[in-house]
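Structure record follows, encoded as structure tokens.
Heavy-atom basis, side chains included; hydrogens, waters and symmetry copies ignored.
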Amino acid sequence: LLPILSYPDPRLRTIATPVKDITDDIKTLISDMIATMYDAQGIGLAATQVDRHIQLIVMDLSEDKDAPMVFINPKVTPLVEEKQPYEEGCLSVPDVYDKVERPNKVRIQALDQDGQVIDKEADGLLAVCIQHEMDHLNGVIFVDYLSHLKQTRARDKVRKVLKVRDKQQLD
Ligand SMILES: O=C(O)C[C@@H](Cc1ccccc1)[C@H](O)SCc1ccccc1
Ligand SMILES: [Zn+2]
């Protein structure tokens, strides 16, 4: 499993670079990220969150956690103006949830792990998640959309959660 960076780690602000070619190292990273995402009960994970700064996202919105999706060099384009709120969370900001407004219909263009072109429309949770992951590749975290007060509370909350986790590891 890969360690997930926690807010406000500055490495989460790194801009990811495009993947040039899909090497065996990248394929290993993809399977490690999928395992890490499942272990952390996430439905998405961006390479930035595991301190690898390439344009790579994994997601799995299925019930049985048996339908992982891979997006390499993704490009997301909103297809509607109107935005909808969704209660977002983030594996890098544990135990913090808050409403974020995003366009709820987007076009996704990317490559899959075999280098095949993906070009599809997404709405609902898939649209929310892919935009949340795209933000990670651009060094943006969902708390950035919240008030400064909520950002301060988020920092305090994460510090507390990490202290409890570290203590548990020691027990
Ligand atoms: O990028 C991450 O940190 C994983 C995110 C993905 C996500 C964020 C907001 C809305 C949907 C997905 C989450 O931690 S995965 C946990 C989760 C699961 C179901 C619904 C919302 C969040
Ligand atoms: Zn996140």
* **Short side-chain to backbone donor-acceptor contact, Asp156 and Arg153, under 3.5 Å** => no

* Asked: If you look at every heavy atom in Lys157 and Pro94, which pair is closest and at what distance?
  -> CG-O, 4.3 Å

* Asked: Considering all heavy atoms of both residues, which atom of Pro74 and which atom of Ala110 are nearest to each other, and what is their separation?
  -> CA-CB, 3.7 Å

* Asked: Any sub-3.5 Å donor-acceptor pair from Asn138's side-chain atoms to Met134's backbone N or O?
  -> yes

* Do the non-hydrogen side-chain atoms of Lys99 and Glu87 ever get within less than 4.5 Å of each other? -> yes

* To do: May I ask whether Val96 and Tyr86 are part of the same hydrophobic cluster, defined by side-chain heavy atoms of I, L, V, M, F, W, Y residues being less than 4.5 angstrom apart, directly or through others?
  => no

* What distance separates Phe71 CZ from Gln113 CD, expressed to the nearest 0.5 Å? -> 10.5 Å

* Would you find a donor on one side and an acceptor on the other, under 3.5 Å apart, between the side chain of Gln55 and the backbone of Ala16? -> yes

* pair Met69-Leu126: side-chain heavy atoms closer than 4.5 Å -> yes

* Would you check if Ile15 and His53 make a side-chain contact, meaning some heavy-atom pair closer than 4.5 Å? => no

* Structure fact -> Heavy atoms of Arg13 and Gly139 approach each other most closely as NH1-O, 2.9 Å

Can you give me every donor-acceptor pair (side chain of residues 28-46, partner residue at least two apart or in another chain, under 3.5 Å) with its distance?
| unit_1 | atom_1 | unit_2 | atom_2 | d |
| --- | --- | --- | --- | --- |
| Thr28 | OG1 | Asp24 | O | 2.9 |
| Ser31 | OG | Lys27 | O | 3.4 |
| Ser31 | OG | Thr28 | O | 2.9 |
| Thr36 | OG1 | Leu2 | N | 3.0 |
| Thr36 | OG1 | Asp32 | O | 2.7 |
| Tyr38 | OH | Asp60 | OD2 | 2.4 |
| Tyr38 | OH | Lys65 | O | 3.4 |

* Hey, is the main chain of Leu5 close enough, under 3.5 Å, to the side chain of Ser92 for a donor-acceptor pair? -> yes

* Asn73 side chain vs Val19 backbone, donor-acceptor pair below 3.5 Å -> yes

* Asked: Should Pro103 and Gln131 count as side-chain neighbours, where that means a heavy-atom distance under 4.5 Å?
  -> yes

* Asked: Any side-chain heavy atom of Arg102 sitting closer than 4.5 Å to one from Phe142?
  -> yes

* Asked: Hey, any chance Ile26 and Leu111 share a hydrophobic cluster, counting ILVMFWY side chains that come within less than 4.5 Å of each other, even indirectly?
  -> yes

* CG/Leu137 to OG1/Thr14 distance, rounded to the nearest 0.5 angstrom? -> 11.0 Å

* Flag side-chain contact, heavy atom, 4.5 Å: Val76 against Glu133 -> no

* State yes or no: do Val70 and Val117 share one hydrophobic cluster built from I, L, V, M, F, W and Y residues joined by side-chain heavy-atom distances below 4.5 Å, directly or via other members? => yes

* Looking only at non-hydrogen atoms, find the nearest pair between Gln49 and Leu12 and report the distance. => CA-CD2, 4.0 Å

* Linking I/L/V/M/F/W/Y whenever any side-chain heavy atoms sit under 4.5 Å apart, do Tyr7 and Tyr145 land together? -> yes

* Are Leu61 and Ile130 connected in the hydrophobic side-chain network, where two residues link if heavy atoms are under 4.5 Å apart? -> yes

* **For the student: nearest non-hydrogen atoms of Ile108 and Ala122, plus distance** => CD1-CB, 3.8 Å

* Mind checking whether Gln84 and Val128 have side chains closer than 4.5 Å, heavy atoms only? -> no

* Is Thr48 reaching over with its side chain to a backbone N or O of His136, donor-acceptor style, under 3.5 angstrom? -> yes

* Are Lys160 and Val164 close enough, and set up right, to give a side chain to side chain contact (heavy atoms under 4.5 Å, CB included), and what steps lead you there? -> CA-CA 6 Å; Lys160 221 171 282 155; Val164 167; 5.5 Å; no

* Once you round to the nearest 0.5 Å, how far does SG of Cys90 lie from CD1 of Ile4? -> 8.5 Å

* Would you confirm whether Glu121, through its side chain, and Lys105, through its main-chain N or O, come within 3.5 Å as a donor-acceptor pair? => no

* Would you confirm whether Asp112, through its side chain, and Asp114, through its main-chain N or O, come within 3.5 Å as a donor-acceptor pair? => yes

* Side chain Gln109, main chain Lys75, donor-acceptor under 3.5 Å -> no

* Side-chain ion pair, Arg11 and Asp51, N-O less than 4.0 Å -> yes

